[in-house]
Each structure stands twice: as C-alpha cells, then as structure tokens.
Amino acid sequence: MKLILASNNAHKLREFREILTPLGIEIIPQSEAGCHFEVDETGTTFEENAYLKAAAVTKATGLPAVADDSGLEVDALGGAPGIYSARYTGNHEDTDTDRLNLVLKNLGSTEHRTARFVSCISCTFPNGDRIDTRGTCEGTIQYGPTGENGFGYDPIFRPDGYDCSMAELAPEQKNAISHRGHSLNKFYEELREYLNAHK
C-alpha cells in the first residue's frame with residue numbers, strides 16, 4: 001500500500017517511515033505525489049488541521065494520505081503557542097530558536113511552567129474512511145535551552161521523569177516518550193486493524 005504524507009518535512013517523513021515500514025507501507029512525501037501546495041490550516045484544533053491537510057492530498061491524488069499537526073501547549077500562556085507553534089512569532093522566516101526564545105520571553109520568571117507536546121494524526125482514504133489518533137508528552141519549560149538533538153521547541157522542553165531537555169535525549173529515547181511517538185504507535189495499531197478488515 002502507498003500512503004502519501006501530507007508534508008515535505010524530512011523529520012516527520014523519517015518518523016513515519018520508521019513506524020509504518022513494518023506494515024509493508026510505502027510512504028512518500030506529498031511533493032513526490034505531485035502535490036505542490038500548502039493547505040490553509042484554518043482549523044481551531046490540531047485534529048482539524050491534520051484532517052484538512054490529509055483530506056486535501058487525498059482529494060488531489062485519489063490515494064490515502066496521512067497528516068500530522070503538532071505543537072507545544074504552555075499552560076501559563078493559555079495553551080499558546082498551540083496550533084500556531086510553527087508560526088508563533090508571526091513570521092514564517094523566523095527560526096526554531098526565534099520561536100523558543102519568544103516562549104521563554106513570554107513566560108519570564110514565572111514558576112508555573114507546565115506544558116505538553118501534542119501530536120494529532122489524521123489518515124484519509126478515497127472512500128471517505130478516516131483514522132484519527134492523538135498523543136501527548138507532558139513536561140515543563142526550562143529557563144533556557146539545552147541540548148543539540150531534536151528540533152522545534154525540544155531544547156526548552158523537559159519531559160516529566162527526566163532531568164534533561166528533549167533535545168538531550170538520544171533519538172530512540174525521544175521516540176519512546178514523544179507525543180508523535182505515542183500518536184504514531186496508536187495510528188500503527190489502528191491502521192493495521194483497518195487493513196486487516198479490508199483485505
């Protein structure tokens with residue numbers, strides 16, 4: 001089975017391939033399927049935005065598509081950056097460092113620093129079927145960035161039960177506890193059941 005990832009993000013593509021290859025699924029980025037468009041993420045939740053992206057690629061190609069929408073929710077910031085995690089500064093040209101520095105600036109010296117990473121996956125099929133899963137990773141925001149691994153907000157996020165940031169974990173450690181790891185593992189199970197039921 002061929003599945004199109006409604007993204008050209010190399011990090012996401014690698015994570016999806018690591019999980020789904022054992023099912024015999026070939027996963028390709030949307031650019032390889034001829035989809036050279038960005039979907040307007042007009043949803044108000046991670047779930048809605050993941051579905052919008054997957055549905056647009058399925059509609060354009062007639063093939064099953066899967067999308068992930070993920071981000072960081074900081075409780076003291078009212079859940080921000082949330083669905084705006086990738087564009088928190090308001091400027092798409094800004095870097096991950098610019099965005100995490102804005103989170104640190106907005107938090108200031110507050111001691112209430114609980115937060116979570118959220119990942120929602122939506123898979124759409126040409127017949128209208130869909131699979132949706134959600135995963136989270138709870139933690140706190142550090143007072144400054146540490147670590148060289150990972151990307152996005154990983155250097156300022158300390159997962160519960162660890163004394164280091166997400167960016168200081170080895171890839172296999174991160175995959176075992178990450179929000180995307182959790183939602184991908186749920187997705188793997190649900191997709192396997194779906195494929196078995198539709199043989």
Side-chain angles (χ1 to χ4, degrees), residues 1-73 79-88 92 115-138 151-154 166 171 174-199:
M1 174 182 166
K2 185 178 283 190
L3 193 58
I4 301 169
L5 178 64
S7 170
N8 292 310
N9 182 307
H11 294 292
K12 287 185 182 181
L13 184 64
R14 187 172 67 247
E15 288 181 332
F16 271 87
R17 280 179 171 160
E18 283 172 2
I19 295 278
L20 298 180
T21 298
L23 284 180
I25 289 172
E26 179 192 358
I27 184 155
I28 63 170
Q30 67 176 50
S31 57
E32 273 186 42
C35 296
H36 303 290
F37 53 76
E38 291 283 323
V39 175
D40 284 335
E41 296 179 30
T42 54
T44 57
T45 63
F46 293 116
E47 283 90 348
E48 287 175 7
N49 284 331
Y51 172 71
L52 286 171
K53 290 186 279 191
V57 171
T58 291
K59 184 179 178 184
T61 62
L63 293 169
V66 63
D68 153 274
D69 199 54
S70 52
L72 177 70
E73 294 179 339
I83 61 171
Y84 303 107
S85 292
R87 48 194 188 279
Y88 187 44
H92 257 302
R116 73 206 47 80
F117 276 126
V118 179
S119 165
C120 292
I121 291 173
S122 184
C123 181
T124 54
F125 297 87
N127 65 359
D129 289 348
R130 59 188 278 195
I131 297 172
D132 298 288
T133 61
R134 179 184 179 96
T136 59
C137 178
E138 299 287 335
F151 59 100
Y153 297 95
D154 288 353
M166 197 78 116
K174 179 186 169 183
N175 288 344
I177 64 163
S178 79
H179 53 306
R180 193 170 293 118
H182 288 311
S183 60
L184 269 171
N185 284 321
K186 288 180 191 171
F187 176 62
Y188 173 92
E189 293 301 331
E190 292 199 24
L191 181 61
R192 187 175 65 177
E193 287 177 22
Y194 178 86
L195 294 176
N196 284 337
H198 291 79
K199 276 182 177 173

Which atoms form the tightest heavy-atom contact between [X] and [Y], and what is the distance?
| X | Y | result |
| --- | --- | --- |
| Asn49 | Gly43 | OD1-N, 2.8 Å |
| Ala50 | Cys120 | CB-O, 3.5 Å |
| Pro64 | Lys2 | CD-O, 3.9 Å |
| Ser85 | Tyr153 | O-OH, 2.7 Å |
| Phe37 | Ala60 | CE2-CB, 4.0 Å |
| Phe46 | Gly71 | CE2-N, 3.5 Å |

Using side-chain heavy atoms (C-beta onward) and a distance below 4.5 Å, is [X] in contact with [Y]?
| X | Y | result |
| --- | --- | --- |
| Cys35 | Ile4 | no |
| Glu73 | Thr136 | no |
| Cys137 | Met166 | yes |
| Glu189 | Arg192 | yes |
| Ile25 | Leu195 | yes |
| Glu41 | Arg87 | yes |

Taking [Y]'s backbone N and O only, do any of them form a donor-acceptor pair with [X]'s side chain (distance below 3.5 Å, no angle check)?
| X | Y | result |
| --- | --- | --- |
| Ser122 | Ala54 | no |
| Asn175 | Gly181 | no |
| Tyr194 | Asp129 | no |
| Glu48 | Thr44 | yes |
| Thr58 | Leu63 | yes |
| Asn8 | Ser31 | yes |
| Thr21 | Glu18 | no |

If I take atom [atom1] from residue [X] and atom [atom2] from residue [Y], how far apart are they, to the nearest 0.5 angstrom?
| X | Y | atom1 | atom2 | answer |
| --- | --- | --- | --- | --- |
| His179 | Leu72 | NE2 | CG | 8.5 Å |
| Ile27 | Met1 | CD1 | CE | 9.0 Å |
| Ile83 | Asp69 | CD1 | CG | 7.5 Å |
| Thr133 | Leu184 | OG1 | CG | 7.0 Å |
| Glu32 | Glu26 | CD | CD | 8.0 Å |
| Glu15 | Leu20 | CD | CG | 11.5 Å |

Q) Which class fits the ring pair Phe16 and Phe187: parallel under 30°, tilted 30 to 60°, perpendicular over 60°? A) perpendicular
Might you confirm whether atom [atom1] of [X] has over 12 heavy atoms from other residues, nucleotides or ligands at distances under 6.0 Å?
| X | atom1 | result |
| --- | --- | --- |
| Phe151 | CZ | yes |
| Asp40 | CG | no |
| Tyr51 | OH | no |

(Q) Can a side-chain donor-acceptor contact be found between Ser70 and Asp68 if the only test is distance below 3.5 angstrom? (A) yes
Q: Test Ser183 against every option in Asp132, Ile121, Ile19 by the side-chain contact (heavy atoms from CB on, under 4.5 Å) rule and name the one that passes.
A: Ile121
(Q) Using the salt bridge (Lys or Arg N to Asp or Glu O under 4.0 Å) definition, which of the options Arg130, Lys53, Arg134 pairs with Glu47? (A) Arg134
